[in-house]
Visitor: 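Below is the structure I would like to discuss, written out as structure tokens.
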Number of protein chains: 4
Amino acid sequence: MIRVGIAGATGYTGLELLRICSHHPEVEIIWATSDSYSGIELGNYCPAWQGRTCMVLEKPDMEEMAREVDVVFLGLPHGVSMDYVPAIFPHAKVIDLGADFRIQNLETYEKYYGLHHKLPTVVREAVYGLPEIYRQKIKTAQIIANPGCYPTSIIIPLYPLLKNQIIQPEIIADSKSGVTGAGKKPTEVTHFCEIDGSFKAYKIGEHRHQPEIQEQLSSAYGGSVDIVFTPHLLPIKRGILSTIYVQGDPSVSEKEMWKIIENFYHNEPWVRVYPLGQFPELKWVLGSNFCDIGLKKVDKKHFVIVSAIDNLTKGASGQAVQNMNILFGVDERVGLPSSVLYP
Amino acid sequence: MIRVGIAGATGYTGLELLRICSHHPEVEIIWATSDSYSGIELGNYCPAWQGRTCMVLEKPDMEEMAREVDVVFLGLPHGVSMDYVPAIFPHAKVIDLGADFRIQNLETYEKYYGLHHKLPTVVREAVYGLPEIYRQKIKTAQIIANPGCYPTSIIIPLYPLLKNQIIQPEIIADSKSGVTGAGKKPTEVTHFCEIDGSFKAYKIGEHRHQPEIQEQLSSAYGGSVDIVFTPHLLPIKRGILSTIYVQGDPSVSEKEMWKIIENFYHNEPWVRVYPLGQFPELKWVLGSNFCDIGLKKVDKKHFVIVSAIDNLTKGASGQAVQNMNILFGVDERVGLPSSVLYP
Amino acid sequence: MIRVGIAGATGYTGLELLRICSHHPEVEIIWATSDSYSGIELGNYCPAWQGRTCMVLEKPDMEEMAREVDVVFLGLPHGVSMDYVPAIFPHAKVIDLGADFRIQNLETYEKYYGLHHKLPTVVREAVYGLPEIYRQKIKTAQIIANPGCYPTSIIIPLYPLLKNQIIQPEIIADSKSGVTGAGKKPTEVTHFCEIDGSFKAYKIGEHRHQPEIQEQLSSAYGGSVDIVFTPHLLPIKRGILSTIYVQGDPSVSEKEMWKIIENFYHNEPWVRVYPLGQFPELKWVLGSNFCDIGLKKVDKKHFVIVSAIDNLTKGASGQAVQNMNILFGVDERVGLPSSVLYP
Amino acid sequence: MIRVGIAGATGYTGLELLRICSHHPEVEIIWATSDSYSGIELGNYCPAWQGRTCMVLEKPDMEEMAREVDVVFLGLPHGVSMDYVPAIFPHAKVIDLGADFRIQNLETYEKYYGLHHKLPTVVREAVYGLPEIYRQKIKTAQIIANPGCYPTSIIIPLYPLLKNQIIQPEIIADSKSGVTGAGKKPTEVTHFCEIDGSFKAYKIGEHRHQPEIQEQLSSAYGGSVDIVFTPHLLPIKRGILSTIYVQGDPSVSEKEMWKIIENFYHNEPWVRVYPLGQFPELKWVLGSNFCDIGLKKVDKKHFVIVSAIDNLTKGASGQAVQNMNILFGVDERVGLPSSVLYP
């Protein structure tokens, strides 16, 4: 059994970790922390757990608690994770669901997150936790930087195409996310009456996930990739659908482009490449760890790629558990949700 | 032209007052105040107004501002309204959309709202602003206590029945409200992800509107009326639908009961009694000032009454403007929205 | 392994059966039928299944297919189930999710469903599939009439109270259901633009579940129970929340009433009685097989009970699988979803 | 008074025409037709109208009915409009909300709509009803082809930029629409449970509005414009938000690009160009006739433009009434909704 600690268990990614880990046959949840709700039973904080567990949320004390576990999931605001890591490192592996260790270029990190980074050497040793791409490195990592939700939906479909240099390094990604992506803390933006029935773009060309996407895509391509990234806010709770516009040589057929993606992910348990002519919809992935991909050639050179994930599962906590499986030599399919709650 | 001032213009009832008053042919909006957004153009606070007005939100200063207007609408938290009233009284009439002057029994008010009432004499002189019932008194009132949203939906259908003592003074009202009823301030309760796809009852048997309903129903009946009142929170923005259970003598037919309501409201512009066999739905009233009513006899003695209003319009700001029309001798139909935005 | 056949697999209850059975460790799904989609792969009909199964939907032929299984779930329109049963009986047990065998009084059935019943003797031998109440009879049943969704949410909380005759046999049940209750077939009523942002009561006092509720409650009470039942349509996909109004002797305290329910369900794995002061919300049960119950005394004699279920799970397919577990001697907790997809 | 007839009044665009025309001070609605609901009172078909009108829906008989009016709005399926036109022409002007007269290239029309066009000469004389662009021609038109909803949201922001040839003739338009765009007829696609909580792209690169957009943009540019157009379906009722990606010379600043749009629409009553740094959201336009536009330069050459309309108002019936105003010499602002129902 893998002994697991969850720091920041009362946020949406923390609760999703609990949902997944509670059904994982190889996991024992040793503790779950909460700054604001320590001392409270999980079933009182979130009645969905009533009658299913007696677990009490604990005040975080990493010096002590890290000794009891094999791995710590950090579901914390950026800037906070880096304070926890040194105390954990001597005892347990770290899977950070925040942004502190995702971006190798520290200048970029500091510019986008407005913080001085305290652990530059840890950044260098951190492995970017996209299992389909960095599986080998993940196996032996001490710390895994779990990817952002938008980046997961964009990098997975583009990686094989850029790696093969079959598309131009100039990408337009139009992404739409559910509101859980904004976190559990109530704000004017997430008020029901401000979201329901509406829709908007936000942080156009300046979202914090943009440099993360760019770094990863450029690394795949072996050269600088330009990305125009526009996030939007959907009036739904979960899910990210990204519509991605790429250009290829006119001689490249729809079938060839599709084949490159399909071949790359053929044996992956959590990536589904749809047959040509079919496209992902959020309802087919919500609650599951799948990343679904569809593709179409729409004119001489433009291809439209559609990808869909659950932002809390494959876009956060599901991917984190997939990384944990790799870290501890467990089959990647084990313990992860494949069912959606449809309808 | 009626010169109007709106105190608390950036809350949901304040914005609804602006929506209605801006189309009212007899109204000139002289000022609109906001504690938090004073100095800001309305179109910047709420882009729906961009290009339509240059009005700037002002810091409230009633001593001065009351002189410039004929009537002040107070869209303020309870407890705050009573601080504004003395400065307004020498100069203008008051229509209070809050709870401070709705309940005649001060002990009840103080128990339910947890506040000491500073203006007991003003409470006694305040008129409860249900136009269909208190029209005569409203005409000459100095201050009008605009009814609560739930009470409006419950008192209107029950008043004629209790007045005629054709039902027992024992009522069950099961009401369902949209989220705007909880106000614009973001809280954990109103977070999109906590509301969407869910539904709950709340404050069962202890909601602040209960004593208000009871006082009015008892006054109609001429004796104490028991009310069991259960509010619920719908995953929608606007609207209250109340399902009300009453008992009559087995000899009373569905048609007779219906006739009593129908006759009472026959000439009312803003109450629609549906033909027997038809029932209100929220979509037929949202955005309008209508209160729609349907009725059915379901067994020997039980009758089910369904009423529907828009909580921000007939349940708040629309009714406030209807009261203003009465106060200033304007036809009650003028300036009030009759269209719904369907679908 | 229990060999399972699902007739009517492409409706919402059929798809929910597939969701649950596919994770059930003791179940092997032998076949799933569809009149309209036979010959099509499940993953093509419903892409959520892509990459997870190669199952092909089959044309129903009970004579043949019943031989291959231990139990057949019937997810069919009322009137159709009774045509399937005779062919299944020689070979397999039947769990009918429709209404054909729920009501013992055939006259009532024929009046409410507008059909002549072809199998009156089977009705008499059918067991009403509420495990918490009829567990013993279910164990040996040949055919189980799986309860309606509204009845499940109303009978579970009321059964112990009526059995103990601690409440009057006069009940008001105000129920609110998500749209999946109306089935998958598109109609004017279920059009997104007719539902979203709206709310209504429907079939007031004349819903088909009313006689089913009445028969069960009267049986519990040992005498005729009057029920006023008002269903409503919520703008959500899943879930039923029932607000139930009952009357007790003034001497009965809230605690006593609560104790009767709590004691009755104390050891039940799928019924959760909330501590006094807490109430169910749909989000705490959606996707799970739980029935959650809360209770409050609101005046001298009135008690308000709130119950919540997922109409497709505890209200249909989950309860059906719970019944199957009992039929085949499997622990009732096995294979049923306890997690909700929150948020 | 302009005497108006509405053919196809019970669809969503027909009902929106009724909403707008009923408040238009210069309009008298003479008749409204419905194939399926003729003989029924509007208030019975759609209870929102109860108590507001006694109008009865009529069976269409254009030979007779066209004589009674000055203008006929056609809210009919494509292919049907062209059957109505000949009978109307001798008596009244035509504003067609369908697609039959929007595309000048008949081959393209026939390919995309799968129909033989019966009135090619009328197509040539039809004026494309975008008032901001074709105002002069509209004034004297006999028949106006009211633009499609997606095209309206895309052509308005792009027209001045292409006219000035300041952007490259290669456009990516990622559009998101509410469900009313799919019409009132219930289908599997528009079932509440298939839409709520989900999101998808559809008809990628093959939507019928694509050739309409292309024809108009090419005409503006004076040369062929390539458009990649991806429509998406939002889980909301009304509204289209288009995110448009264009490329300009690196020397062109954000301010210059913005100025070109701003100058072009400066005096337009129904187009609002947002200050730099601000962007449209659907909630600021829903229910109104506004088209809102925002712009940002995101890298050396890419600009992102966001436009928002209500698809039933500026995207259909509002624009139709704006065209009617021009046709009959009425100020374009008159009778059109400027308020949104917010929240």
Side-chain angles (χ1 to χ4, degrees), chain B residues 170 172-178 191-206 210 226-230 232-245 247 279-286 294-306 308 341-343, chain C residues 170 172-178 191-206 210 226-230 232-245 247 279-286 294-306 308 341-343:
Chain B
E170 208 179 287
I172 289 172
D174 191 285
S175 296
K176 300 89 176 173
S177 173
H191 191 299
F192 180 83
C193 301
E194 302 300 318
I195 294 283
D196 186 53
S198 191
F199 181 68
K200 66 169 179 179
Y202 68 102
K203 293 189 188 155
I204 301 172
E206 60 188 41
Q210 178 148 345
D226 287 337
I227 171 104
V228 175
F229 170 55
T230 311
H232 300 71
L233 194 56
L234 286 167
I236 63 175
K237 290 182 287 188
R238 285 168 171 250
I240 286 178
L241 189 133
S242 289
T243 311
I244 307 168
Y245 300 89
Q247 300 176 45
F279 294 90
E281 307 184 21
L282 285 185
K283 65 184 168 186
W284 308 133
V285 300
L286 296 185
L295 175 147
K296 180 160 192 173
K297 185 171 186 178
V298 291
D299 62 21
K300 277 202 299 287
K301 60 177 182 176
H302 286 98
F303 295 76
V304 177
I305 299 167
V306 179
L341 192 66
Y342 164 80
Chain C
E170 208 179 287
I172 288 172
D174 191 285
S175 295
K176 302 88 176 172
S177 172
H191 192 299
F192 180 83
C193 301
E194 301 300 318
I195 295 283
D196 186 54
S198 192
F199 181 69
K200 66 169 178 180
Y202 69 101
K203 293 191 188 156
I204 301 171
E206 59 188 41
Q210 178 147 346
D226 286 338
I227 171 103
V228 175
F229 170 54
T230 313
H232 298 74
L233 194 56
L234 285 167
I236 64 175
K237 290 182 286 187
R238 284 169 172 249
I240 287 178
L241 189 134
S242 289
T243 312
I244 307 169
Y245 301 88
Q247 299 176 46
F279 294 90
E281 307 184 21
L282 286 185
K283 64 184 169 187
W284 308 134
V285 299
L286 296 185
L295 175 147
K296 179 161 192 171
K297 185 171 186 178
V298 292
D299 63 21
K300 276 202 299 286
K301 60 178 182 175
H302 286 98
F303 295 76
V304 178
I305 299 167
V306 179
L341 192 65
Y342 164 81

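This structure is a prediction, so every number in the text was calculated from the model and none was measured. Heavy atoms only: backbone and side chains are in, while hydrogens, waters and symmetry mates are out. Order of the sequence lines sets the chain letters (A, B, ...), proteins ahead of strands, with each chain counted from 1.
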Visitor: Nearest heavy-atom pair of C/Cys193 and B/Pro343: which atoms, and what distance?
Guide: O-CB, 3.9 Å

Visitor: Can you tell which part of C/Asp174 gets under 4.5 Å to a heavy atom of chain B, answering side chain, backbone, both or neither?
Guide: both

Visitor: Please report the closest heavy-atom contact between B/Ser198 and C/Leu282, naming both atoms and the distance.
Guide: OG-N, 3.7 Å

Visitor: Check whether B/Glu194 gets within reach of chain C through its side chain, its backbone, both or neither, counting any heavy atom under 4.5 Å.
Guide: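 Both parts, backbone and side chain.
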
Visitor: B/Lys297 versus chain C, heavy atoms under 4.5 Å apart: side chain, backbone, both or neither?
Guide: neither

Visitor: Taking side-chain contact (heavy atoms from CB on, under 4.5 Å) as the definition, give me every residue that meets it alongside B/Leu341, ordered by chain and number, with sequence neighbours left out.
Guide: D/Arg19, D/Arg238, D/Leu341

Visitor: Rounded to the nearest 0.5 Å, what's the gap from CD1 on C/Ile195 to CD1 on B/Ile236? Could you check?
Guide: 11.5 Å

Visitor: Given that the side chain runs from C-beta out, which part of C/Lys300 has a heavy atom under 4.5 Å from chain B: side chain, backbone, both or neither?
Guide: neither

Visitor: Could you tell me which portion of B/Lys296 (side chain, backbone, both or neither) has an atom closer than 4.5 angstrom to a non-hydrogen atom of chain C?
Guide: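 Interface part for B/Lys296: side chain.
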
Visitor: Would you mind checking which part of B/Tyr342 comes under 4.5 Å of any heavy atom in chain C, side chain (CB onward), backbone (N, CA, C, O), both or neither?
Guide: side chain

Visitor: Using non-hydrogen atoms and a 4.5 Å limit, figure out which bit of C/Phe199 sits close to chain B: side chain, backbone, both or neither.
Guide: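 C/Phe199 touches chain B through backbone and side-chain heavy atoms alike.
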
Visitor: Taking every non-hydrogen pair under 4.5 Å, which of B/Tyr245, B/Phe279, B/Trp284 racks up the most with chain C?
Guide: B/Tyr245

Visitor: Below 4.0 angstrom, N of the basic side chain to O of the carboxylate: do B/Lys301 and C/Asp226 qualify?
Guide: no

Visitor: Sort out for me which of C/Lys237, C/Glu206, C/Glu170, C/Lys283 touches chain B most, counting heavy-atom pairs under 4.5 Å.
Guide: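 Option with the top pair count is C/Lys283.
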
Visitor: Using non-hydrogen atoms and a 4.5 Å limit, figure out which bit of B/His232 sits close to chain C: side chain, backbone, both or neither.
Guide: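 The side chain, not the backbone.
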
Visitor: Can you tell which part of B/Ile204 gets under 4.5 Å to a heavy atom of chain C, answering side chain, backbone, both or neither?
Guide: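 The answer is both parts of B/Ile204.
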
